[in-house]
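Take a look at the structure set out below.
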Amino acid sequence: MSASPVTSLAPDPKRWKALVFIALAQLMVVLDATIVNIALPSAQEDLGISEGNKQWVITAYALAFGGLLLFGGRIADLWGRKRTFVTGLIGFAAASALGGAATGEAMMLGARALQGVFGALLAPAALSLLAVMFTEAKERAKAFGIYGAIAGGGGAVGLILGGFLTEYLNWRWTFFVNIPFAIVAAAGAYFVIREPEGGRNRSPLDIPGVFLSTLGLVALVYGFTRAESEGWSDGVTIAMFVASVVLLAAFVLTEAKVKHPLLPLRVLTERNRGGVYLSLGLAIISMFGLFLFLTYYLQIVKGYSPVKTGFAFLPMIAGMITGSTQIGTRLMIRVPPRFLMAPGFLVAAVGMLLLTQLEVDTSYAGLIMPAQLLLGLGMGTAFMPAMSLATHGVEPRDAGVASAMVNTSQQVGGAIGTALLNTIAASATTAYIEDHAASATTPAAQKLLAAQSMVEGYTAAIWWAVGILAASAVIAAVLINTGAQNGQTASGDGVEDEVKIPVVAH
């Protein structure tokens, strides 16, 4: 059925300036996910963080961010996206200052958890602002091309920046560097962003939904994080998975019954958005595993410094920017999203497939660089329409929570990827050592065996990553059936005219 289009007012003349500040904030959140990884060994030594607790520097952020994303998205819809965005930025800057000034373990972990809380406000507000400010097809394609490149490539930028700051300054600067990012983005957003009128969801907050979703997602993310360190058969790990299933099932039942749900099921059940959340979450599993293994491979096996390791990821960033801003942006308004997403994931899978050939003495230029280029090109091409489609055609009052689901699928995918692929790699490494230990009788042979066993572990896990990317491609091809995003959008009932949102300053 066709809905009558609402006449739109003139587009906001400052929308492109607003995009600069939204993109800056998104870059800060994405690079923070990897920048701390490089600084962690130095911070652990300085602050006396125990070996058993060092994972909490990463986990505290992941749990707060992943657990509160849906709540953050709903707050953006209720409270106003601009206000939520600026509040998230100021809070993130304060938490980063606290982390940089940390004098002990408790202060560091508290700062990381606070970063996660404010990140959960900031990330969905940023994406939903784009969704409601850019409604014209060609402009939307350009805006989401830039956003998609940052969302995909920011992690690799974090590795470069983290390497520089740790090697030439101090680990504390991996926190302090967020402060100028946040202040510039918050000031710019305050003066430039004009949020469209009429897009808020002022219905009462679904408190049971908040509790069930937050606890369920925290249990899920923690379950995978604990599985990585304690094993899949650990009692607490199993209890976390059981709790997450029970809590998330209760959440879905609650959302189906309450009058004003935190996550309206219409956001999830529309097949195109559902297909995006699922395929994107799976693809992120592969990407997170790759960042981890390639970082270890380059630093431990090849002996690269942190800075050199960061620069070694540049081909992937170049591929992502090209795929997102040149291929995705140009084709999104001409071809259906599945014809970009499915081939994009397959090209990335081919790049990943090349990395299954890694050896101790593999040439960077001969194998690693072309593999990264293919990975970046494929992921950039797929990410761009995925980011746009995840919020395309959603009712303005649901834009925040629909955006939060994109971030949630990425965050949960990252937690699963790190735990699952690490476990596979560790098992393959152990098995290789057991099979070849008898022949390694000299110190040199034992050192070579250690390197070979690590590489064997990485390649075993990368084979799984190839399969997961192939599954992402199949899901995108089968579930996503909307046409080109040229001003029309698929709904559950078929195709309807896109409703233009009038832009009025608050």
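Scope of the values below: all heavy atoms of this structure, side chains included, with no hydrogens, waters or symmetry mates.
Taking the six-membered ring where the residue is Trp, the centroids of Tyr297 and Phe293 are separated by 6.0 Å or more. Between Phe224 and Phe241, the distance from one ring center to the other falls under 6.0 angstrom.
A side-chain donor-acceptor contact under 3.5 Å links Tyr277 to the backbone of Ala402. Between the Lys302 side chain and the Thr362 main chain, a donor and an acceptor come within less than 3.5 Å of each other. Checking side-chain atoms of Tyr364 against main-chain N and O of Ala312 turns up a donor-acceptor pair under 3.5 Å. Between the side chain of Thr381 and the backbone N or O of Leu377, at least one donor-acceptor pair lies under 3.5 Å. A donor-acceptor pair under 3.5 Å is absent between the side-chain atoms of Ser324 and the main chain of Ile321, judged by distance alone. A distance-only check finds a donor-acceptor pair linking the side chain of Asn272 to the backbone of Asn481 [under 3.5 Å]. A donor-acceptor pair under 3.5 Å links the side-chain atoms of Glu255 to the main chain of Leu263, judged by distance alone. For Thr214 (side chain) and Leu68 (main-chain N/O), no donor-acceptor pair under 3.5 Å exists by modelled atom type.
At a threshold of 4.5 Å between non-hydrogen side-chain atoms, the residues Arg112 and Phe175 count as touching. Here the side chains of Thr254 and Phe211 are not in contact, with every heavy-atom distance at 4.5 Å or above. Counting heavy atoms from C-beta on, the side chains of Leu268 and Met405 come closer than 4.5 Å. The shortest distance between side-chain heavy atoms of Leu262 and Phe251 falls below 4.5 Å. Residues Thr482 and Pro337 form a side-chain contact, since some pair of their non-hydrogen atoms from C-beta on lies under 4.5 Å apart. Two residues are said to be in side-chain contact when any heavy atoms from C-beta on lie closer than 4.5 Å; Leu217 and Leu69 fail this criterion. Using a 4.5 Å heavy-atom threshold, the side chains of Met28 and Leu122 count as touching. Side-chain contact check for Leu355 versus Leu375: some heavy-atom pair is nearer than 4.5 Å.
To the nearest 0.5 Å, atom CZ of residue Arg226 and atom CE of residue Met240 are 8.0 Å apart. Remark: Leu331 CG to Phe339 CZ distance equals 12.0 Å, nearest 0.5 Å. Taking OG1 of Thr408 as the start and CG of Leu70 as the end, the distance is 4.5 Å to the nearest 0.5 Å. Taken to the nearest 0.5 Å, the CD1 atom of Ile462 stands 10.0 Å off from the CD atom of Gln357. For the atom pair Gln299 CD and Leu294 CG, the distance stands at 10.5 Å (nearest 0.5 Å). Annotation: the span from Ile368 atom CD1 to Leu373 atom CG amounts to 12.5 Å, rounded to 0.5 Å.
Smallest separation of non-hydrogen atoms from Arg271 and Val478: NH2-O, 2.8 Å. Across all non-hydrogen atoms, the minimal contact from Gly275 to Ile475 is O-CG2, 3.9 Å. Smallest separation of non-hydrogen atoms from Ser279 and Met341: OG-CE, 3.4 Å. When every heavy atom of Ala342 is checked against every heavy atom of Ala477, the shortest pair comes out as CB-CB, 4.0 Å. The two residues Ser472 and Ala283 make their nearest non-hydrogen contact at OG-N, 3.3 Å. Summarising the geometry of Ala93 relative to Ala182, their closest heavy-atom pair is CB-CB, 3.6 Å, with the distance given to 0.1 Å.
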| message | Is there a side-chain contact (heavy atoms from CB on, under 4.5 Å) between Phe383 and Met320? Walk through the geometry before answering. | response | CA-CA 9 Å; Phe383 264 46; Met320 279 194 172; 5.5 Å; no
| field | From CA spacing to verdict: side-chain contact (heavy atoms from CB on, under 4.5 Å), Ile468, Met352 | value | CA-CA 10 Å; Ile468 292 166; Met352 198 73 84; over 6 Å; no
| task | Apply the test side-chain contact (heavy atoms from CB on, under 4.5 Å) to residues Val301 and Leu358: give CA-CA distance (whole Å), side-chain angles for both, the deciding distance (0.1 Å), then the verdict. | result | CA-CA 11 Å; Val301 178; Leu358 275 182; over 6 Å; no
| Checking side-chain contact (heavy atoms from CB on, under 4.5 Å) for the pair Leu353/Thr356: CA distance, chi angles, key distance, verdict? | CA-CA 5 Å; Leu353 189 64; Thr356 61; 4.3 Å; yes
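Within a 6.0 Å sphere centred on CH2 of Trp464, other residues, nucleotides and ligands contribute 12 heavy atoms or fewer.
Note on ring orientation: taking the six-membered ring where Trp is involved, the planes of Phe176 and Trp173 are perpendicular (angle over 60°, cut-offs 30° and 60°).
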